A.B. asks: 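Submitted below is the structure of interest, expressed as structure tokens.
Fair warning: this is a prediction, and the values are worked out from it, not measured in the lab. Numbering of ligands and ligand atoms starts at 1, following listing order.
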Amino acid sequence: MHRVAITGTGIFTPEEVITNAELVASYNAYARRRNEEHAGEIAAGSREPMPMSSEEFIFKASGIERRHVMNKSGVLDPDRMMPTLRPRADEELSIMAEIAVDAANKALAQAGRTAGEVDAVICAASNHERAYPAIAVEIQQALGIKGFAFDMNVACSSATFGIQAAADMIRCGSARAILMVNPEITSGHQEWRDRDCHFIFGDVCTAVLMERVDGEAPGAWEILSTRLVTEFSNNIRNNNGFLRRTHDQMGERRDMQFMQEGRKVFKQVVPMVAELMLGHLADEGMKPSDLSRMWLHQANKNMNDFIGQKVLGREPSREEQPNVLQDYANTSSAGSIIAFSKFSDDLPAGSRGVICSFGAGYSAGSVIVRRM
Ligand code: CO8
């Protein structure tokens, strides 16, 4: 078995930003208009008015202050409430491949590698913009990588599942270097007209280069161990898919976008993740106090605070458990990788940490790493 390390990471961050204030103003304008349109039914008691959203609620419930998006004007337009993305010809690079190539090039540059030294690409994300050919194969071609590529989807846990898949292949010798990318255009499957979730997501793409290491690779992060867990739940669900046209009901359907029972998710996922992390550490002969840092999935600040407390047995400091969701919101699978990419360089050789994701499925992944 070979040893494997993360030698580079990269982030593509969309330029456009939506603040909570802008988001709430747009949603409330939409909700007011809908209430005016249905004023008669509302007055007759046959319809509930749409409730207003608030900046205070969003910050208190989630810790989110703003999010990056691929297209701001479409999302904020009360007549549209979704991004406007230009359709692309089949001969053009797809939008997911485009942002993945940007993040991948940054990861390669950080590792001091060229695409020619990579053997495989995994595109791990919550949704892929088409069924086939795989986005990963398009990214592979755009970067000029020989070898193989495939797409995978484990919702918010896609990145840690992608890391385990890549690490296992490198350990076994089926590849020497693998690029794993997480293009998350969540704005396309977010329901911006639902106040319960309109604030949750943002767009981004992350990339992780993993390589076989035979000796020392100073600065790289050796992957010591990975562990994944899944448990079926309908509490986070999106029913869109290729069988849609076979169903009788073809009109607007709420379940074609992201839906969740947020409170149930919170209550059920926090213990599941803490148990996964504590069990994983124990089986590797480690104590929580051996960790210099935890790079958690970025869904909700309160959720991360609870998980950190359960794992460490005390409140984690901001250095021990950095959050990026105040600036990025929930970027699905990319969140823990943004945190890792932005907040790992300061740690000295020998430091150990855990990259941890959790989300729909339910699914959760834990990756124990050590600075080389
Ligand atoms: N403004 C004002 N009030 C609001 C708003 C709002 N925007 N939204 C809800 N309220 C109200 C509610 O109606 C409720 O009112 P009442 O008490 O009268 O019923 C009250 O505020 C409290 O609402 P909640 O109980 O819903 O509030 P919570 O404190 O539970 O916070 C959260 C809601 C933030 C959603 C929280 O429950 C949470 O974070 N849960 C975990 C969510 C999570 O981690 N989900 C993971 C999903 S991500 C994933 O797996 C990837 C999926 C694929 C990506 C999809 C991309 C689009």
A.B. asks: Using ring centroids (six-membered ring only for Trp), state whether H198 and Y27 fall under 6.0 Å.
C.D. replies: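 Yes.
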A.B. asks: Check for me whether the distance between the ring centres of W192 and Y30 falls short of 6.0 Å.
C.D. replies: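 No.
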A.B. asks: For ligand 1, is there an N or O atom under 3.5 Å from any N or O atom of F258?
C.D. replies: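 Such a contact does not occur with ligand 1.
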A.B. asks: Can an N or O of S53 be found at a distance shorter than 3.5 Å from an N or O of ligand 1?
C.D. replies: yes
A.B. asks: Where is the tightest heavy-atom contact between A349 and M372, given as atom of each residue plus distance?
C.D. replies: CB-O, 3.7 Å
A.B. asks: Of the non-hydrogen atoms in S363 and T230, which two are nearest, and what is the gap between them?
C.D. replies: CB-CG2, 3.9 Å
A.B. asks: F266 versus ligand 1: do any nitrogen or oxygen atoms come within less than 3.5 Å of each other?
C.D. replies: no
A.B. asks: Quick one: do R88 and E129 make a salt bridge, cutoff under 4.0 Å?
C.D. replies: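 No, R88 and E129 are not salt-bridged.
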A.B. asks: Taking N or O atoms only and a 3.5 Å limit, does S62 qualify as a polar contact for ligand 1?
C.D. replies: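 N/O-N/O distance below 3.5 Å does not exist for this pair.
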A.B. asks: Using heavy atoms and a threshold below 4.0 Å, how should the contact between A61 and ligand 1 be classified: side chain, backbone, both, or neither?
C.D. replies: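 The answer is both, backbone and side chain.
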A.B. asks: Looking only at distance, does R195 have an N or O less than 3.5 Å from an N or O of ligand 1?
C.D. replies: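 Among all N and O atoms of R195, at least one is under 3.5 Å from an N or O of ligand 1.
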A.B. asks: Based purely on interatomic distance, does S54 place a nitrogen or oxygen under 3.5 Å from a nitrogen or oxygen of ligand 1?
C.D. replies: yes
A.B. asks: Hey, does S126 come in under 3.5 Å of ligand 1, counting only N/O atoms on both sides?
C.D. replies: no
A.B. asks: Please determine if R263 has a nitrogen or oxygen closer than 3.5 Å to a nitrogen or oxygen of ligand 1.
C.D. replies: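 Min N/O separation from ligand 1 is below 3.5 Å for R263.
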A.B. asks: Which option, G359, A125, C156, G335, owns the non-hydrogen atom nearest atom 48 (S) of ligand 1?
C.D. replies: C156
